[in-house]
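Okay, structure first, notes after.
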Amino acid sequence: DRRAALLAQRIAASAGPGERALLLFPPGLDFIVAFFACLYAKVIAVPLMVPRRNAARDAADSIVADCQPRLALTASSLLHGPRSDLPERLSRHQLEWIATDAESDMEVGGLPAVAPARADIAFLQYTSGSTSAPKGVIVSHANLLENLEMIRVVCNNTRRSTYVSWVPLHHDMGLIFNVLQALYIGALCVLMSPVGFLQRPLSWLRAIHTYRAEVASGPNFAYDLCDNRYSAEEMADIDLSCWRVALNGAENVRADTIERFIATFAPHGFSARAVWPGYGMAEATLLVSAGPPGRGAPIRSVSAAGLQQHRAERPSGPTDAQRVVGCGKALVGERIAIVDPKTCAALAPARVGEIWVSGPNVAGGYWRNPEASRATFATRIAGGDGSAWLRTGDLGFLDETGELFVTGRIKELIIVRGVNHYPQDIEYTVQACHPALRPNAGAAFAATDATGGERLIVVQEIERTRRKNIDIDDIVGSIREAVVTEHEINPAEIVLIAPGTLPKTTSGKIQRALTARLWREAHLKTVRGDAT
């Protein structure tokens with residue numbers, strides 16, 4: 001707090017209330033100091049991932065152009081160390097750079113006498129851009145406080161609810177669910193490096209054990225990674241019985257991932273009841289739905305054929321069964337509706353439609369983008385009470401109890417010969433069909449042929465350890481057979497690409513739209529393409 005107050009004076013000397021400041025930091029506490037310094041100075045914080053040095057694609061330039069910040073706050077290690085290329089990289093934007101950990105002769109004092117109003121903007125959370133260009137979500141102090149209280153109530157957390165997190169602080173899950181929520185309830189929060197987790201995922205579990213953490217969160221791939229890297233020797237003395245809330249969110253939650261994780265780590269004290277699937281998005285500040293802690297993950301079997309017709313119904317038999325995971329109910333003070341995206345009419349339970357949200361946690365719109373704000377934040381349900389709703393762009397259904405099941409993204413739905421296919425289901429089938437294919441590293445999407453018909457394209461990474469000794473024809477054949485067998489659709493093209501080259505957002509979501517564009521432009525780093 002003392003460091004934040006001191007930094008706030010330096011910020012206020014260069015930027016006035018309402019101006020923007022980029023937050024560009026390596027993992028650590030400096031980001032948090034800078035975030036609260038911006039709140040003190042009434043300058044709008046803009047968390048941003050540090051652009052990769054040699055990345056051909058990153059969103060930094062478009063984000064900076066969109067929000068037009070006055071300042072860029074960073075650490076001396078980035079400004080004068082190995083990443084001294086950052087100022088040059090963003091030089092066209094005329095930013096004033098401040099190394100927040102540099103010595104200052106200022107003394108604490110002169111902070112704003114008036115606290116921020118609830119309606120004041122706290123920060124801009126730029127969307128991940130998984131289906132479109134990044135847009136700055138306007139998060140007010142009221143939005144933050146409301147969602148933090150919603151999370152406290154649904155999690156039933158207290159000062160004793162220690163957190164352990166590796167999720168980047170520029171991501172809303174890392175910032176809000178972990179850091180700000182821990183501060184809100186007065187609990188300890190232990191931060192880890194994201195790269196450290198990716199290199200040694202079991203270190204996350206060791207930290208949970210060491211600090212007796214109750215709460216730890218991650219996307220679905222994080223749980224897969226822990227399971228894939230399991231080592232009995234490394235886990236020998238680890239006890240996970242303290243872990244009460246294991247949030248699985250930020251991407252599609254898979255039943256098989258949950259079950260594998262439970263089976264692998266139950267011998268180390270992990271309880272199936274600790275699994276806590278949730279649904280959220282930046283446009284709703286963070287969390288939209290979750291269930292009570294301690295109930296585990298609700299997993300249901302529904303008809304795969306029914307989902308293709310936007311209905312959630314009982315499967316006709318074992319071959320028709322597809323499992324979906326419940327992500328809880330609307331939070332206190334919030335409403336969730338399933339709506340026909342074309343007619344804007346509310347749908348009955350067990351009908352698949354677009355997920356709409358209304359509540360005090362819904363943000364005020366997109367930064368200086370009134371058209372997109374009206375289309376996303378100001379829609380109304382036909383025949384409803386006239387109140388504005390947030391259109392999430394996600395597909396799902398509510399069961400008879402109000403439990404939310406998320407099935408996919410509207411823009412990414414693959415429609416071939418009038419049949420709906422969810423890309424994540426095809427991707428899972430592909431990755432499970434051959435050991436040389438990397439999990440969570442493929443994209444399925446539709447492309448239009450010369451006659452205007454839709455055809456399926458599959459792009460998939462090869463495992464790094466297998467790339468030199470693989471039979472391409474065997475892999476392509478396995479993919480084609482698996483997709484035809486499971487989904488009754490023949491891929492028009494199967495493209496195998498080098499490991500680590502599939503476009504993803506900073507939070508690890510697959511960027512299917514960007515992958516499709518790179519495929520059209522022949523810019524994918526292919527191992528080999530196969531077309532029919």
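Being a predicted model, the structure only gives us computed values, none of them experimental. Residue numbers run from 1 in the order of the sequence given.
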N/O donor to acceptor pairs below 3.5 angstrom from side-chain atoms of residues 261-270, sequence neighbours left out:
residue	atom	partner	partner atom	Å
Thr264	OG1	Asp227	OD1	2.4
Thr264	OG1	Arg260	O	2.9
His268	ND1	Met235	O	3.1
His268	NE2	Tyr230	OH	2.7

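Minimum interatomic distance between Cys67 and Tyr126 (heavy atoms only, all atoms of both residues): CB-OH, 3.2 Å.
Contacts classified as salt bridge (charged side-chain N to carboxylate O under 4.0 Å, His left out) and involving residues 20-31 (residues at least two apart or in different chains) are given here: Arg3-Asp30.
With sequence neighbours left out, Arg206 forms a salt bridge (Lys or Arg N to Asp or Glu O under 4.0 Å) with Asp237. Annotation: side chain to side chain contact (heavy atoms under 4.5 Å, CB included) contacts of Ser161 (sequence neighbours excluded): Asn157, Thr158, Ile185, Glu214, Val215, Arg244. Partners of Glu427 according to the salt bridge (Lys or Arg N to Asp or Glu O under 4.0 Å) rule, which considers only residues two or more places apart in sequence or in another chain, are Arg512. Every residue two or more places apart in sequence or in another chain was checked for a side chain to side chain contact (heavy atoms under 4.5 Å, CB included) with Ala432, and none qualifies.
In summary, the side chains of Tyr40 and Gln9 do not present any donor paired with an acceptor at a separation below 3.5 Å, with no hydrogens or angles considered. There is no side-chain donor-acceptor pair under 3.5 Å between Thr285 and Asn143.
Ion pairing between Arg212 and Asp239 holds under the 4.0 Å rule for side-chain N and carboxylate O.
Note that OG1 of Thr127 and CE of Met281 are 9.0 Å apart. Values are rounded to the nearest 0.5 Å.
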Show, in sequence, the C-alpha distance, side-chain angles and deciding distance for Asn252 and Tyr428, and conclude whether the side chain to side chain donor-acceptor pair (under 3.5 Å) test is met.
CA-CA 11 Å; Asn252 188 52; Tyr428 178 75; over 6 Å; no
